[in-house]
Engineer: 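Structure below; questions to follow.
In what follows, chains carry the letters A, B, and so on, assigned in the order in which the sequence lines appear, proteins first and then strands, with residues in each chain numbered from 1.
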Number of protein chains: 2
Amino acid sequence: MPQASGETPVVHIVDDDDSQRFGLDSLLRSVGLAARTYGSTQEFLKADRLDGPGCIVLDVRLPGTSGLDFQEELATLGIRLPVVLMTGHGDIPMSVRAMKAGAVDFLPKPFREQDMIDAVTAAINRDRLQRANENQAIAIVDRHATLSPREREVMALVTAGKMNKQIAAELGLSEVTVKIHRGAAMRKMGARSLADLVRMADALKDRAR
Amino acid sequence: MPQASGETPVVHIVDDDDSQRFGLDSLLRSVGLAARTYGSTQEFLKADRLDGPGCIVLDVRLPGTSGLDFQEELATLGIRLPVVLMTGHGDIPMSVRAMKAGAVDFLPKPFREQDMIDAVTAAINRDRLQRANENQAIAIVDRHATLSPREREVMALVTAGKMNKQIAAELGLSEVTVKIHRGAAMRKMGARSLADLVRMADALKDRAR
DNA sequence: GATCACATCACACGTTGGTATGAGGTGTGG
DNA sequence: CCACACCTCATACCAACGTGTGATGTGATC
């Protein structure tokens, strides 16, 4: 495993104001956090390692896309890093919109250094939890992808609580065949009990929401 | 069933300013919503029917407890009605705090009437969803409460994926006894399959969070 | 002291689940 | 054309599950 969970979280700072950016950078580094800075959203998107653990500190007022719009765009792009927003000219509706969109915090400038540190820490913690859940889910999805169509079908009915006999009737199969698919599904999914398989099936449904 | 899901949602308006309160009341009634008004948090808490469907519209500046503190107090009191906050003298940190605490919306005064209607509608929808989930969960908890200690114990191990034989060894019982408790648990919980029981067990764990 | 819920177990029986052996068919890709 | 994955099934066997009968013992409640 090259970079499992031991990877250091990175704080991505997106702000077009150079001095603000550098100030934030040194603040976060002073408390032992790894930071990267970007002068625009475009620059940020061109960077690699956006799939690693961490969070984003985003200025609302940016050239081109606003921070708020960009926050919503991130979801579309599949980037699920938690976002901390900051602004010098914000109002209440703006902060409410950001929080509704899932922001971890929304800090008006000037903010106290400790407030920013707390917000970033909370964001990184949220990311850690998200990531742990996501990793499990992905493992399950991957294994599920190795199932043959029939195996998937049988697994669905098994985890819906039906008996082999019922499944056989429903699919127009003999009971033996159902048992074979059922066994294969258990093996491929790595389920050591029916309870296991049921929970995996539920996890799959959640991801499909 | 006297008042199942067909009950009309009620908007509870808590504001110490008489004219504001009455204005809101008539606004909401004009769009066909049932509203009740309270001049203080105390008055609100003395009211009955707080367990019915609906939401709360809460002014931040109130005599005694502030709207924000009261919002957090509601959770302690077991009142889970969604909250819409409003204020004439708010700032960003205040709105962020409210949203973090789970507020549906935070409206600075003066607000557009449509914004309030939208917020209240969203709050009522959230309540409807919450309530549907909660009702199912409560039914499961109630049934689980009718289990004997042994039955609960066996149910936990069964839904953990263990075999009767293993459970028997773990609890120092014979396999027959385990089967009896298992059967009783299935019957009392109303589970028609093991998959059912597993999901109920998971729902119980979620409620215990 | 009778009643009742709870808990325990032996024995027996039938059902359901899981796997192996052996065998046949289809379709795809090298 | 052959290998391979997939899908199908019969037969057989063993393990696990579920239930019923009958019995014993405890503690709480009335």
Engineer: Rounded to the nearest Å, what distance is computed from the NZ atom of residue Lys179(A) to the P atom of nucleotide dC13(D)?
Structural biologist: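 Answer to the nearest Å: 14 Å.
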Engineer: Are there over 12 heavy-atom neighbours, none belonging to Arg152(B), within less than 6.0 Å of that residue's CZ?
Structural biologist: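 More than 12 within 6.0 Å, yes.
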Engineer: Please state how far atom NZ in Lys188(A) lies from atom C1' in dG18(C), giving the value in whole angstrom units.
Structural biologist: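 Going from Lys188(A) (NZ) to dG18(C) (C1'), I get 17 Å.
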Engineer: Closer than 3.5 angstrom, by distance alone: can the side chain of Gln136(A) be matched with the main-chain N or O of Asn133(A) as a donor-acceptor pair?
Structural biologist: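 Judged by distance alone, no pair lies under 3.5 Å.
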Engineer: Quantify the bending of the helix from dG1(C)-dC30(D) to dG30(C)-dC1(D) as the angle between its end axes, each fitted on five pairs, to 10°.
Structural biologist: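 End-to-end axis angle: 30°.
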Engineer: Rounded to the nearest angstrom, tell me the gap between atom CZ in Arg187(A) and atom P in dG17(C).
Structural biologist: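 Roughly 18 Å, once rounded to whole Å.
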Engineer: Look at the side-chain N and O atoms of His181(A) and state whether any lies under 4.0 Å from the OP1 or OP2 oxygen of dC6(D).
Structural biologist: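 So the side-chain polar atoms of His181(A) never come under 4.0 Å of the phosphate oxygens OP1 or OP2 of dC6(D).
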Engineer: Compare all side-chain heavy atoms of Lys100(B) with those of Arg97(B) and state whether any distance is below 4.5 angstrom.
Structural biologist: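 No, too far: nothing below the 4.5 Å cut-off.
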Engineer: Quick check on contacts: within residues 150-170 of chain B, what sits under 4.0 Å from DNA chain D by heavy-atom distance?
Structural biologist: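 Residues of residues 150-170 of chain B under 4.0 Å from DNA chain D: Met163(B), Asn164(B), Lys165(B).
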Engineer: With a 4.5 Å limit on heavy-atom distance, are the side chains of Met86(B) and Asp15(B) in contact?
Structural biologist: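 In short, these two side chains touch, coming nearer than 4.5 Å.
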Engineer: Between dG17(C), dC9(D), dA10(C), spot the one nearest the side chain of Ile180(A), thanks.
Structural biologist: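 Looking only at heavy atoms from C-beta outward on Ile180(A), the closest nucleotide is dC9(D).
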Engineer: To the nearest Å, how far apart are Arg182(B) CZ and dT15(C) C1'?
Structural biologist: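 Value for this atom pair: 14 Å.
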Engineer: To the side chain of Val176(B), which of dC9(D), dA7(C), dA10(C) is closest?
Structural biologist: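 Closest nucleotide to the Val176(B) side chain: dA10(C).
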Engineer: Measure the distance from CG on Leu147(A) to P on dC6(D) and round it to the nearest whole Å.
Structural biologist: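 Nearest whole value for this atom pair: 10 Å.
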Engineer: Take the protein atom CG of Leu171(A) and the nucleotide atom C1' of dT8(D), then report the distance between them rounded to whole Å.
Structural biologist: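 Distance, rounded to whole Å: 13 Å.
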Engineer: Would you say dC9(D) has OP1 or OP2 under 4.0 Å from some side-chain N or O of Thr177(A)?
Structural biologist: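 True: Thr177(A) side-chain N/O within range (under 4.0 Å) of dC9(D) OP1/OP2.
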Engineer: Within the 4.5 Å heavy-atom criterion, are Leu171(B) and Arg150(B) side-chain neighbours or not?
Structural biologist: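 Side chain of Leu171(B) against side chain of Arg150(B), heavy atoms only: contact under 4.5 Å found.
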Engineer: Tell me the interatomic distance from Met186(A), atom CE, to dT19(C), atom P, rounded to whole angstroms.
Structural biologist: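 Those two atoms, CE and P, are 8 Å apart.
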Engineer: Within a strict 4.5 Å, meaning less than it, do heavy atoms of the Arg182(A) and Glu151(A) side chains meet?
Structural biologist: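 No; the side chains remain at least 4.5 Å from each other.
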Engineer: Atom CD of Glu175(B) to atom C1' of dA12(C): distance rounded to whole Å?
Structural biologist: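 Going from Glu175(B) (CD) to dA12(C) (C1'), I get 14 Å.
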Engineer: Of the options Leu85(B), Thr87(B), Val83(B), which is the one that meets Leu68(B) in a side chain to side chain contact (heavy atoms under 4.5 Å, CB included)?
Structural biologist: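 The passing option is Leu85(B).
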